[in-house]
Amino acid sequence: MFSDNQIFAAPLAGITDRPFRRVLRAFAPNAPLVTEMISCHSLVAAHKNCPRNFDRYDDEGPVGAQIFGANVALMADAARILQDAGARWIDINMGCPVPKVATRAGAGAFLMRDHALAGRIMSAVVRAVEIPVSVKTRLGWDDQNRDWADLVRIAADSGVKFATLHGRTRAQLYVGPAVHPDVSDALIPIIANGDIATAQDAAEMEKLGYAGVMIGRAMLGRPWVLGQIAGRECAPENVGDVVLRHLQYAIEYYGPSVAVPMFRKHAAWYSAGRPNSSDFRIRVNQITDADALRDAIREFWGCVAEI
């Protein structure tokens, strides 16, 4: 059975920001968490409209910072900045399938098509920092190019310490069941990612030679799932208390005008499966005021603590 430090929280764009990581950390004190992917261009230029460019990680426990880009020098510079900000390791995104990243920017999953560039980026980032470097990738670009093992060999030769393998190709995006190949012969430890939501799922990955698991969409509305997979009974008595705390963290981080509309998706995920959740989501999607959102949350979940 995997221990806490082998159960990772995946980098999810627009989701695993600092407020959400604070919530995750309350249920999984030792779990490795990964930031949202950070553009090397935005980070190095210190774009002020992107708050995560200025995050510090010293007080967050084991947090890896994920970067993406296709410029070798900028990726190395970004890694240094994140090391100085307190990241425990640097993760290189080589699996994001969205066109904005994987085709127009020539980054993310596109690096599965250009192993030479991928190797130069990995080597430069490893040389730039003293902390470990990992990569996150997919099975391949499409069914005709399932060459993840080749990329992992290049990563090992470049000094990368471990890799995360999402069990789909870039062409699949997030559609269809994830397929997890046996990785017992891999040159570096491999973390399994994709459709992993329970302790049983994690146990199946261990049989296939994986060194850990990375949880993605299973965290949505269930930030306690990392602890549950580690074998702890940590589901909250009242989910509404967690929702209010998460909202408060978001308001402190972004300010209410940004946090309230951004938080609507989280409120919907937390409410999934509960009676009248559809009506609640409709109501929440019309709210623009922080106090009104708090009131709606308190009403939906019943008597919850003041935050």
Side-chain angles (χ1 to χ4, degrees), residues 1-36 60-64 136 164 166-168 174 177-178 180 191-205 212-250 253 259 262-281 284-285 293-294 296-302 304-305 307:
M1 182 176 180
F2 291 131
S3 59
D4 283 6
N5 63 2
Q6 294 171 289
I7 302 170
F8 292 65
L12 300 176
I15 297 168
T16 51
D17 55 10
R18 183 176 173 89
F20 188 56
R21 295 196 303 272
R22 289 183 69 183
V23 178
L24 290 172
R25 184 60 74 210
F27 296 103
N30 301 309
L33 312 181
V34 187
T35 68
E36 300 174 89
E60 287 201 59
V63 171
K136 187 173 189 293
T164 300
H166 182 88
R168 294 181 178 89
Y174 299 96
H180 300 284
I191 308 301
N193 174 235
D195 294 352
I196 300 168
T198 67
Q200 181 58 41
D201 295 336
E204 293 300 318
M205 298 303 103
V213 291
M214 181 173 282
I215 314 305
R217 288 178 287 180
M219 297 188 297
L220 305 182
R222 296 174 59 223
W224 47 89
V225 71
L226 299 180
Q228 289 178 324
I229 291 173
R232 294 195 303 277
E233 293 296 330
C234 56
E237 292 185 8
N238 194 317
V239 173
D241 293 341
V242 178
V243 183
L244 281 178
R245 191 176 308 117
H246 188 176
L247 173 60
Q248 184 59 34
Y249 293 160
Y253 186 76
M262 182 179 289
F263 194 78
R264 292 169 182 158
K265 60 180 181 286
H266 287 288
W269 289 323
Y270 281 117
S271 70
R274 290 181 58 88
N276 303 315
S277 61
S278 179
D279 291 341
F280 173 73
R281 288 193 294 272
V284 162
N285 283 336
L293 182 53
R294 290 189 187 96
I297 292 167
R298 291 190 178 103
E299 180 181 334
F300 183 72
W301 270 282
V304 294
I307 300 296

Inset, instruction - Check Ile196 against Ala218 and note the closest heavy-atom contact, atom names and distance. - result: O-CB, 3.8 Å

Inset, instruction - Walk me through it: do Val213 and Phe2 pass the test side chain to side chain contact (heavy atoms under 4.5 Å, CB included)? - result: CA-CA 8 Å; Val213 291; Phe2 291 131; 3.7 Å; yes

Inset, instruction - Find the distance between CD1 (Ile215) and CD1 (Ile191) and round it off to the nearest 0.5 Å. - result: 10.5 Å

Legend entry - Sequence neighbours excluded, every pair satisfying ring pair (Phe, Tyr, Trp, His ring centres under 6.0 Å) that has a member inside residues 10-34: Phe20-His246, Phe20-His266, Phe27-Trp224

Legend entry - Gap separating the CG atom of Leu293 from the CZ atom of Phe263, nearest 0.5 angstrom: 7.0 Å

Inset, instruction - Identify the two heavy atoms, one from Ala268 and one from Arg281, that lie closest to each other, and give their separation to 0.1 Å. - result: CB-CD, 3.3 Å

Inset, instruction - List the atom of Ala178, the atom of Gly194, and the distance in Å for their closest heavy-atom pair. - result: CB-O, 3.6 Å

Inset, instruction - Drop me the distance from Glu36's CD to Asp17's CG, to the nearest 0.5 angstrom. - result: 5.0 Å

Legend entry - Any Tyr249 side-chain heavy atom under 4.5 Å of Val23 side chain: yes

Inset, instruction - For the residue pair Arg232 and Asp4, establish whether any side-chain heavy-atom pair is separated by less than 4.5 Å. - result: yes

Legend entry - Stepwise side chain to side chain contact (heavy atoms under 4.5 Å, CB included) check, Val34 with Thr164: CA-CA 12 Å; Val34 187; Thr164 300; over 6 Å; no

Legend entry - Sub-4.5 Å side-chain heavy-atom contact between Tyr270 and Pro223: yes

Legend entry - Close side-chain approach of His180 and Asn193, heavy atoms under 4.5 Å: no

Inset, instruction - State, yes or no, whether a side-chain contact exists between Val239 and Val243 at a heavy-atom distance under 4.5 Å. - result: yes

Inset, instruction - Supply the atom-to-atom distance Trp269 CH2 to Arg217 CZ, rounded to the nearest 0.5 angstrom. - result: 11.0 Å

Legend entry - Thr198 side chain near Ile229 side chain, heavy-atom distance below 4.5 Å: no

Inset, instruction - Please work out whether the ring planes of Trp301 and Phe280 are parallel, tilted or perpendicular, with thresholds of 30° and 60°. - result: perpendicular

Legend entry - Atom pair CG/CZ of Asn30 and Arg25 - distance to nearest 0.5 Å: 7.5 Å

Inset, instruction - Report yes if the side chains of Ile15 and Met219 come closer than 4.5 Å at any heavy-atom pair, otherwise no. - result: no

Inset, instruction - Could you list the residues that satisfy salt bridge (Lys or Arg N to Asp or Glu O under 4.0 Å) with Arg18, not counting sequence neighbours? - result: Asp59, Glu60

Legend entry - For the student: nearest non-hydrogen atoms of Ala28 and Leu226, plus distance: CB-CB, 3.9 Å

Legend entry - Arg22 side, atom CZ; Leu24 side, atom CG - distance, nearest 0.5 Å: 12.0 Å

Legend entry - Atom of Ser271, atom of Phe300 and distance for their closest heavy-atom approach: CB-CE2, 3.7 Å

Inset, instruction - Would you name the heavy atoms of Thr16 and Arg21 that are closest together and state the gap between them? - result: O-NH1, 2.9 Å

Inset, instruction - State, yes or no, whether a side-chain contact exists between Asp195 and Asp201 at a heavy-atom distance under 4.5 Å. - result: no

